[in-house]
Amino acid sequence: MAIRNNPPAEKDLKSVAHLIESAADCGEVDSYAGKRHTARISEGVQLEMTEDVNKKAVAVSMHNVSETGCAFWIKRKLETHTPLFLREFTEDNSGAWMPARVTHCTQGIRGFLIGVAFGKATD
């Protein structure tokens, strides 16, 4: 089954743009475009991830980010299609939660590399 994502809401676009800006400060732009329509920036920005914004979040390390999604490292496996929320880590928890949906999960040396698409996902 293909994953279809609605475009992120206006407030989420601002959060995604801020995350890309943070990554671009020190990160590297991926020169391989492949099937991508937007640039991907590799940088280990600290993120928080939760499946429910009313519950405790876990710290994850971003691997890369683009306008349409990001990848991050986490210690546990997440199933494809899992809805979740991400935000950039701040000491005062002021970052806005961005909805996303898992598109892939690959086991690696650092745990599991999770790819997500931003926006409210629908099946």
Side-chain angles (χ1 to χ4, degrees):
M1 170 183 5
I3 297 175
R4 294 173 291 149
N5 277 63
N6 297 327
E10 185 71 29
K11 67 177 180 62
D12 298 327
L13 287 174
K14 290 179 183 177
S15 297
V16 171
H18 184 267
L19 185 58
I20 291 170
E21 189 176 297
S22 293
D25 285 343
C26 297
E28 295 180 19
V29 176
D30 186 347
S31 60
Y32 172 74
K35 296 179 183 178
R36 291 185 213 103
H37 300 288
T38 60
R40 185 169 73 174
I41 302 168
S42 297
E43 177 61 2
V45 174
Q46 188 69 36
L47 302 176
E48 292 181 294
M49 190 265 338
T50 186
E51 293 177 48
D52 181 345
V53 295
N54 296 312
K55 295 187 178 176
K56 186 174 176 164
V58 296
V60 298
S61 178
M62 187 174 74
H63 181 71
N64 57 47
V65 64
S66 73
E67 291 177 3
T68 58
C70 75
F72 60 88
W73 290 99
I74 190 170
K75 295 295 183 192
R76 67 182 175 96
K77 182 178 182 176
L78 294 175
E79 295 297 325
T80 303
H81 306 291
T82 301
L84 54 84
F85 297 88
L86 292 167
R87 70 178 174 190
E88 189 171 358
F89 173 79
T90 59
E91 288 186 28
D92 63 358
N93 296 323
S94 63
W97 288 109
M98 296 174 282
R101 187 169 294 261
V102 175
T103 58
H104 68 82
C105 175
T106 306
Q107 191 168 9
I109 294 172
R110 296 177 62 190
F112 292 90
L113 181 63
I114 307 296
V116 300
F118 293 129
K120 184 177 179 183
T122 58
D123 293 326

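Being a predicted model, the structure only gives us computed values, none of them experimental.
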(message) With heavy-atom distances below 4.5 Å as the criterion, would you say the side chains of Asn93 and Glu48 are in contact?
(response)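 Yes; the side chains approach each other to less than 4.5 Å.
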
(request) Evaluate the side-chain proximity of Ser61 to Arg110: yes if any heavy-atom separation is below 4.5 Å, no if none is. (result)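 Yes, at least one pair of side-chain atoms sits under 4.5 Å.
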
Could you pull out all residues at least two apart from [X] that satisfy side-chain contact (heavy atoms from CB on, under 4.5 Å)?
X      : result
Glu91  : Phe89
Asp92  : Thr90, Ser94
Thr106 : His104
Leu84  : Met49, Glu51, Phe72, Leu78, Leu86, Ala100, Val102, Val116

(message) Which residue in the set Leu113, Ile114, Leu47 passes side chain to side chain contact (heavy atoms under 4.5 Å, CB included) when paired with Ile74?
(response)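 Between Ile74 and the candidates, side chain to side chain contact (heavy atoms under 4.5 Å, CB included) is satisfied uniquely by Ile114.
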
Which pair of heavy atoms, one from [X] and one from [Y], lies closest together, and at what distance?
X      : Y      : value
Cys105 : Phe112 : SG-CD2, 3.7 Å
Gly108 : Trp73  : CA-CZ3, 4.0 Å
Gln46  : Ala59  : NE2-CB, 3.2 Å
Glu67  : Phe118 : O-CD1, 3.9 Å

(message) Who clusters with Ile109? Use side-chain heavy atoms, under 4.5 angstrom, across I, L, V, M, F, W and Y, and order the result by chain and number.
(response)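 None; Ile109 is a cluster of one.
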
(request) Evaluate the criterion side chain to side chain contact (heavy atoms under 4.5 Å, CB included) for residue pair Lys56 and Thr50; output intermediate values, then yes/no. (result) CA-CA 7 Å; Lys56 186 174 176 164; Thr50 186; over 6 Å; no

(message) I'd like to know if the side chain of Arg101 and the backbone of His81 have a donor-acceptor N/O pair within less than 3.5 Å.
(response)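 Yes, Arg101 side chain to His81 backbone: donor-acceptor pair under 3.5 Å.
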
